[in-house]
Amino acid sequence: LSLWRLFEKRRMCRCYLDLPVPRALLLRVLEAARRSPSAGHAQGVRFAVLTNQDQRNQIATVFGEEAYLKRGFRAWLSTAPVHIVTAVSTEAYEERYAQPDKVTEPNDWPVPYAVLDAGKALMSLYLAAEEAGLACGYLGPHAGPDLVQMFDLPEDWMFVGLVTLGYRDPEVRAKTRSERLGWRDFDEVVKWLS
Ligand SMILES: Cc1cc2nc3c(=O)[nH]c(=O)nc-3n(C[C@H](O)[C@H](O)[C@H](O)COP(=O)(O)O)c2cc1C
């Protein structure tokens, strides 16, 4: 698929088929994320991947899937075949920015570059998934407990969200909220300064 087709087609997915994701495709989407740009080429974005049903249920429970079901939604987290706990390693940035070619350090940054890097890496992951016929969802860290702590991942990892990955259930055709909202006008989003 052309890149433009991927931009058009990609939507967050919260309804998956009960089908595992082949390992080769999983590796491919993670590799796309690994190759994304990062501040100072620090490459601080980290992923912890899990497919085990018990662990997925555990995540669904702590993120309140039951309340989600009661509101009439279909199960999302427990049924997504792959969960990717996404984090940024603060150590990776501190190490890189302590090197002599760097003049700032992470605490000086006017915006959190590590978090920007995570956003870039996830967009690459989403598009690679779309190209592979897969779909992704994203749940912000506001929505539940710190999964880095819960899974005993390295202490310097900062949890930035949970990505779900799998095959979209084509039976679910209701328009998503973003489809109902549509896109802001180009001129509202882009200003020409010269
Ligand atoms: C920073 C960020 C946080 C988000 N948090 C959530 C979330 O907690 N739960 C959720 O269902 N979707 C979440 N989303 C998905 C957005 O709702 C979705 O990307 C947006 O509505 C546009 O829809 P689309 O990606 O399908 O085009 C988040 C997306 C981003 C970029």
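Just so it is clear, the model here is predicted, and its values are computed rather than measured. Ligands are counted one by one from 1 in listed order, and the atoms in each one are counted from 1 as well.
- Of all protein heavy atoms, the one closest to atom 25 (O) of ligand 1 is R10 NH1, 2.9 Å.
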### Task
Take R14 and D169 through the salt bridge (Lys or Arg N to Asp or Glu O under 4.0 Å) test and state the conclusion after the steps.
CA-CA 9 Å; R14 302 177 185 89; D169 184 344; over 6 Å; no

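- Close to ligand 1: H142, with a non-hydrogen atom less than 4.0 angstrom away.
- Among protein heavy atoms, the minimum distance from atom 28 (C) of ligand 1 is reached at Y138 CD2, 3.4 Å.
- Of the protein's heavy atoms, R14 NH2, 3.6 Å lies nearest to atom 17 (O) of ligand 1.
- Within 6.0 Å of atom CZ in R35, 12 or fewer heavy atoms from other residues, nucleotides or ligands are found, so the atom counts as exposed in its surroundings.
- Using 4.0 Å as the threshold, Y126 has no heavy atom nearer than that to any atom of ligand 1.
- Between A143 and ligand 1, a contact under 3.5 Å exists for no N or O pair.
- A side-chain donor from one of D117 and Y93 sits under 3.5 Å from a side-chain acceptor of the other.
- Taking atom 26 (O) of ligand 1 as the reference point, the nearest protein heavy-atom neighbour is M12 N, 2.7 Å.
- Between the Y16 side chain and the T164 main chain, a donor and an acceptor come within less than 3.5 Å of each other.
- At a cut-off of 3.5 Å, with distance as the only test, a side-chain donor of Q53 or N57 sits close to an acceptor on the other residue.
- Close N/O approach between S178 and ligand 1 is found [any backbone or side-chain N/O within under 3.5 Å].
- Heavy atoms of L139 come nearer than 4.0 angstrom to ligand 1 in at least one pair.
- In this structure, atom 15 (C) of ligand 1 has protein heavy atoms in its sub-4.0 angstrom surroundings.
- Environment of CD in E66: sparse, with no more than 12 heavy atoms of neighbouring residues, nucleotides or ligands closer than 6.0 Å.
- Of the options G140, G137, G161, the smallest heavy-atom separation from atom 8 (O) of ligand 1 is shown by G140.
- With a heavy-atom cut-off of 4.0 Å, W76 touches ligand 1 through its side chain alone.
- There is a side-chain donor-acceptor pair under 3.5 Å between E179 and T176.
- No salt bridge links R10 with E130; every basic N to acidic carboxylate O contact stays at or beyond 4.0 Å.
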